[in-house]
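Reviewing the structure listed below.
Just so we're on the same page: letters track the sequence lines, and every chain starts at 1. Any value given below was found using the heavy atoms of this structure, including those in side chains, with hydrogens, waters and symmetry copies removed.
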Amino acid sequence: MSSNRSTESGKRRRFRRMLVDRSIDVVLLTFSLLMLLPLVFLVSNGFKTPQEMLAWPPTVIPANPTIDNFAAVLTQTPLLRWILNSILFAVMSTIAILATSSIAGYILAKFRYRSLNIIFALVLATAIVPFEVYMIPLYFQAQSLGILNSIWALLLGYLVMSFGIFLIRQNVIHSIPDELLEAARIDGAGELWIFFRIVLPLLRGALGALGVLAFFQAWTAFAWPMIVATNREAYTIEVGLALFQTGFTVDLGRLSAASALVLVPSITLFVILRRNFVQGVASTGLKE
Amino acid sequence: MATVEIRNVAKSYGPTDIIRDINVQVPDGAFVVLVGPSGCGKSTLLRMIAGLEDIDKGEISIGGRVINDVEPKHRDIAMVFQNYALYPHMTIAENMGFSLRLAKQSKAEIDQRVGEAARILGLTDYLQRFPKQLSGGQRQRVAMGRAIVRQPQVFLFDEPLSNLDAKLRVQMRGELKDMHARLKTTTIYVTHDQIEAMTMADLIVVMRDGVVEQTGAPLELYDHPANMFVGSFIGSPAMNFLTGTVRHDGGQQTFETASGFRLPVDAAVGALDGLTATLGIRPEHLQLAQTGQGLGGKIVTIEPTGSETFIVVQLGGDRISALLRQRLMASIGDEIWLMPQAGTTHLFDSATTRRLG
Ligand SMILES: Nc1ncnc2c1ncn2[C@@H]1O[C@H](COP(=O)(O)OP(=O)(O)O)[C@@H](O)[C@H]1O
Ligand SMILES: [Mg+2]
């Protein structure tokens with residue numbers, strides 16, 4: 001009798017738990033559809049004629065699909081070149097930021113000289129000053145170096161990220177005890193060895209997250225690429241896309257087609273880095 | 001194996017003197033324990049021996065070689081830290097073989113030495129695991145293994161058992177002693193726990209506020225504490241102190257406590273008549289006495305443990321504790337008389353706190 005009752009209540013409990021699980025699935029599915037919808041329209045708009053673009057209600061599958069927009073974008077603008085510029089810029093900036101942040105963050109966290117406190121205060125101070133404030137002086141610097149319209153000019157503004165230094169410093173303080181480094185010194189490790197074989201591996205999670213941040217910061221950068229790149233060949237994709245909306249008209253079809261093309265590298269990158277991406281974001285939380 | 005000599009060593013952080021003129025001779029193969037209350041500078045001294053802190057004044061030598069300006073890795077020492085300091089991203093085998101790998105030993109040699117240490121410490125089945133997959137006691141063993149494989153001249157331990165629970169601590173204490181008995185490597189061990197010091201050491205160095213209060217074998221410190229600090233620090237439960245005056249009555253020397261009790265004092269002490277002094281009596285040296293003999297008062301606390309009874313007695317203005325090796329049919333508020341065993345009391349000069357005689 002009692003065992004019968006307990007299986008009854010067990011069944012009910014399992015049913016309730018399943019109900020909760022399904023509801024969570026439905027909510028998440030709704031949200032992901034809502035977030036996907038603009039992307040779907042973006043891609044489908046790229047295949048529409050100007051008339052259909054303005055039709056109401058909007059269609060998801062174009063009635064007369066056309067590749068005119070794509071053809072126009074690819075032939076009349078150096079779109080692939082812009083994408084390539086962006087990728088190169090984002091990758092190099094990410095590498096530079098990872099390098100500068102890990103070195104500076106580690107030194108600021110673990111070495112105790114009075115001068116370092118001042119340097120750290122300066123780093124924090126630069127985080128408060130908006131980039132736009134020193135963008136112009138930096139521009140003149142790039143000009144005097146003669147690197148305008150090149151990848152080096154783009155990089156100049158994106159070599160160091162004060163937030164990155166701060167993030168790594170906090171991570172080192174939090175997750176690498178002094179004793180670990182001292183044990184390594186006694187064991188016979190040199191300072192470089194310690195940095196590359198002990199500090200960096202232990203910062204993998206934080207560096208992954210910072211890498212993602214740095215990459216998208218560069219990928220979506222606009223103002224700086226806009227001012228240092230003056231000829232079309234040197235544009236990044238952000239700047240290039242902005243060209244479609246200059247003046248008084250917006251060529252929606254072409255803009256959509258170009259944007260859809262830009263999605264290709266982003267999505268590819270995400271698929272390749274999916275595991276690191278998830279790990280990196282997860283590791284900035286409380287997980288070990 | 002080697003001797004370690006610490007000569008007139010001092011260190012300060014800014015205006016604060018942390019270590020003041022310390023002298024310690026560690027004999028070859030000895031197990032020496034630096035003990036003292038937290039903050040007295042034990043870790044700092046150990047870290048100076050390891051080369052992790054600069055030596056401001058004085059000299060430290062290992063095996064006859066002055067190592068003041070020698071890099072930690074060239075001092076031929078191994079150190080075990082309180083929090084183990086294992087490399088989290090390396091397996092147990094990699095952790096233990098790390099120093100050998102840096103010393104460019106052959107793979108076969110590393111495997112052999114790591115395997116040997118793992119066998120001694122019972123870690124053979126865990127070699128391919130990572131530190132976070134081990135328990136606290138196992139991690140501590142790995143830290144010891146990492147020290148053993150280097151075959152250094154000196155082992156340095158900084159409170160290695162503090163993060164373990166009480167039972168494991170007792171067990172590891174035994175294992176550490178066994179290890180020392182087997183390897184006979186000179187060992188300097190830091191702890192704030194006097195029981196660890198008493199049970200493990202060949203030689204104890206008691207420190208306070210950056211100075212050495214006394215150096216000696218465990219029982220020497222217990223039987224002849226050089227001053228009131230050592231008397232109270234070594235031994236548990238702690239030594240009782242009664243202030244009073246030394247009296248010479250004919251050929252007899254007695255000690256009269258502030259509350260008017262009289263106790264005999266060993267004539268060999270030779271203290272001046274009328275000297276203000278402090279008498280130290282260990283709780284375990286007090287025995288029941290007849291009414292009117294020794295120290296009498298009312299019981300304030302009584303804690304039977306089966307084999308022995310711990311009591312606290314109010315003597316006028318003083319309180320003393322006693323550990324009696326018998327069951328006591330008494331209760332709180334009862335009057336009791338206690339007498340120290342002959343020759344077990346310690347007399348200190350109240351002004352200097354130094355031992356008399
Ligand atoms: N880097 C430092 N700067 C300033 N004071 C320190 C530093 N390291 C330790 N101290 C001080 O030195 C004293 C002794 O420390 P320590 O050797 O760690 O004591 P113990 O190990 O005996 O507990 C403490 O009062 C501590 O505050
Ligand atoms: Mg300490």
### Task
May I ask you to check whether over 12 heavy atoms, not counting those of A:W152, lie within 6.0 Å of atom CH2?
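No, because the 6.0 Å sphere around CH2 of A:W152 holds 12 heavy atoms or fewer from other groups.
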### Task
Tell me, yes or no, whether the heavy-atom count around A:F111 atom CZ, taken from other residues, nucleotides or ligands under 6.0 Å, exceeds 12.
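Atom CZ in A:F111 is crowded, with more than 12 foreign heavy atoms closer than 6.0 Å.
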#### Entry: B:Y87 side chain vs A:R197 backbone, donor-acceptor pair below 3.5 Å
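Pair absent, no side-chain N/O of B:Y87 close to backbone of A:R197.
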#### Entry: Worked verdict on B:F98 versus A:I198 for side chain to side chain contact (heavy atoms under 4.5 Å, CB included)
CA-CA 11 Å; B:F98 185 70; A:I198 293 175; 4.0 Å; yes
### Message
For A:L202, which atoms come within 4.5 Å of any heavy atom of chain B: side chain, backbone, both, or neither?
### Response
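A:L202 touches chain B through side-chain heavy atoms alone.
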How far does [atom1] of [X] sit from [atom2] of [Y], to the nearest 0.5 angstrom?
X: A:D187; Y: B:M96; atom1: CG; atom2: CE; value: 12.0 Å
X: A:E179; Y: B:L86; atom1: CD; atom2: CG; value: 11.5 Å
X: B:R47; Y: A:E182; atom1: CZ; atom2: CD; value: 4.0 Å
X: A:I186; Y: B:D76; atom1: CD1; atom2: CG; value: 12.0 Å

#### Entry: Most contacts with chain A, counted as non-hydrogen pairs under 4.5 angstrom, among B:A50, B:S99, B:A78
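Looking at each of B:A50, B:S99, B:A78 in turn, B:S99 comes out on top.
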### Query
Any idea which heavy atoms bring B:L102 and A:A189 closest together, and the distance?
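Scanning both residues completely, I find the closest heavy atoms to be CD1-N, 3.4 Å.
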Heavy-atom contact with chain A under 4.5 Å, split by part of [X]:
X: B:R75; result: neither
X: B:F81; result: side chain
X: B:I77; result: both

### Query
Quick one: do B:E71 and A:R185 make a salt bridge, cutoff under 4.0 Å?
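So B:E71 does not pair with A:R185 through a salt bridge.
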